[in-house]
Student: 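Take a look at the following structure, please.
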Amino acid sequence: MRETGMRRRDLLRGLTGLAVLAAGPAAAARVLAQGGGAAAAPAPPPRGTQLVLLGTQGGPNVNVRRSQASNAVVVDGRPYLVDCGYGAVRSLVAAGIGYGQLGTAFITHLHDDHTVDLAALLSLQWTGNRSQPTDVYGPYGTAAMIDAAIAFMKGNTDIRITDEGRTVRPEQLFHGHDVAAEAAPVQVFKDDRLTVTAAENTHFPDRAKAAMKYRSVAYRLQSETRSIVISGDTAYSKNLVALARGADFFVCEIIDQPQYETNLAAAQQARAQGRENSIAQHVVETHSNNADVGRMAAEAGVKTVVLTHLLPGSNRNTTAEYPDSSYIEGVRKVFAGQVIVGRDLMVL
Ligand SMILES: [Zn+2]
Ligand SMILES: [Zn+2]
């Protein structure tokens, strides 16, 4: 079962679009048999809810095997984005979703490994003649970030309006919305296919929150057929356990034990030298090790855990991938349900 997503991904690689993807393996096989889709009968309307992992690497490094944090949830063919780290736009294209039709995005927090492709996404949407609004929801600072993305593309906008006769300005299309970060789940979005609630997680320590307005949240995306909870970055969080209660998929970040212990030692050394705040301290204090993930999954009674934002993930840049078994064994000590180690472009 753990490899189901990988097999589907391999099957779907090279197919022409999400309509086929959403229609399931039978439709995909039919298209393959017809030579890749060019001569295929029109695909049936895509139905159901899919989770597509676009980026599974944890942290702000860049490697070529895994993109930074990003997920798509596709409901009856309509995509919704959660986080937009570096590589998200490329992964949207690789997954057959594309970026032109994406109208709704949710950001868990404003660390750049969750946001840095947003400016690219919006700018490329505008240049690609998107005519419908794109709304981006996230905690404090999100609205200002979208205004800044519009400022980033000003040269491109001015040149093309002057030179190409375009009339729509990005300010008319792109809107950022700051959402509440509360202990109890708050509904932040609802349309005819999806309801999204958010709750504050524990990615920012109290001493940092006392000095800034920025907050970090997890999301629950509920369609008619599926509930998908995306942790964002977080340490163990009671709020997240409540948000994830009984969910079909608990998409959770993880830092594997050896990496956690390395950072723990470095943090202790920094504290001994009088430095309370360090990168190592941030890592051990505000992320989830194997036991944290298992405990939250067990307490919430979720059906399936999907591990993402992997640390170390592919950061070591060796030819051998970090073994899935290491993450899984740690989580399984506490959680008896299904555990899937995420890969970019996995479809679940
Ligand atoms: Zn992160
Ligand atoms: Zn973060």
Side-chain angles (χ1 to χ4, degrees), residues 53-63 65-72 81-89 91 105-121 136-142 144-145 178-179 181 198-209 211-219 229-237 239-240 243 250-256 259-260 262-264 266-267 277-290 292-293 296 305-316 322 327 341-344:
L53 307 185
L54 299 172
T56 56
Q57 179 61 51
N61 298 308
V62 174
N63 69 68
R65 286 206 201 93
R66 294 177 188 270
S67 292
Q68 292 180 347
S70 187
N71 304 280
L81 189 71
V82 181
D83 282 335
C84 194
Y86 185 71
V89 174
S91 289
F106 304 92
I107 301 298
T108 58
H109 65 298
L110 270 52
H111 275 155
D112 55 1
D113 56 315
H114 296 251
T115 64
V116 77
D117 242 7
L118 265 176
L121 171 69
V136 182
Y137 301 84
Y140 169 80
T142 299
M145 182 172 63
D178 289 359
V179 303
E200 186 177 17
N201 59 26
T202 56
H203 190 41
F204 299 150
D206 287 342
R207 65 179 183 284
K209 284 163 56 179
M212 66 182 192
K213 291 184 178 175
Y214 297 103
R215 295 294 183 264
S216 175
V217 299
Y219 291 108
V229 172
I230 296 178
S231 70
D233 289 3
T234 189
Y236 174 86
S237 164
N239 300 348
L240 178 53
L243 186 73
F250 179 45
V251 184
C252 193
E253 71 128 286
I254 190 164
I255 174 168
D256 199 30
Q259 180 105 359
Y260 177 80
T262 300
N263 279 278
L264 192 61
N277 294 320
S278 63
I279 294 173
Q281 180 63 31
H282 159 79
V283 170
V284 296
E285 193 175 15
T286 71
H287 289 281
S288 293
N289 62 20
N290 301 0
D292 294 326
V293 177
M296 286 191 281
V305 170
V306 181
L307 301 174
T308 190
H309 200 278
L310 302 170
L311 281 172
S314 300
N315 268 346
R316 298 190 307 176
Y322 191 80
Y327 305 104
V341 179
R343 290 264 183 285
D344 286 19

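Indexing begins at 1, ligand by ligand and atom by atom, following the structure's order.
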Student: Less than 2.8 Å away from the Zn ion (ligand 2), how many protein N/O/S atoms can be counted, ignoring water?
Tutor: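 Excluding waters, the total comes to 4.
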Student: Among residues at least two apart in sequence or on other chains, which ones pass salt bridge (charged side-chain N to carboxylate O under 4.0 Å, His left out) with E200?
Tutor: K209, R215
Student: With distance as the sole criterion, is a donor-acceptor pair present between the side chains of N239 and N201 under 3.5 Å?
Tutor: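 No.
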Student: Using the ring-ring contact (aromatic ring centres under 6.0 Å, His included) criterion, which residues pair with Y219? Sequence neighbours excluded.
Tutor: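 ring-ring contact (aromatic ring centres under 6.0 Å, His included) check on Y219 returns F106.
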Student: Please enumerate all residues that pass side chain to side chain donor-acceptor pair (under 3.5 Å) together with D117, with sequence neighbours excluded.
Tutor: none
Student: Exactly one of N263, D233, T202 should register a side-chain contact (heavy atoms from CB on, under 4.5 Å) with H287. Which one does?
Tutor: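 Filter result, single survivor: D233.
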Student: Would you say Y86 has more than 12 foreign heavy atoms packed within less than 6.0 Å of its OH?
Tutor: no
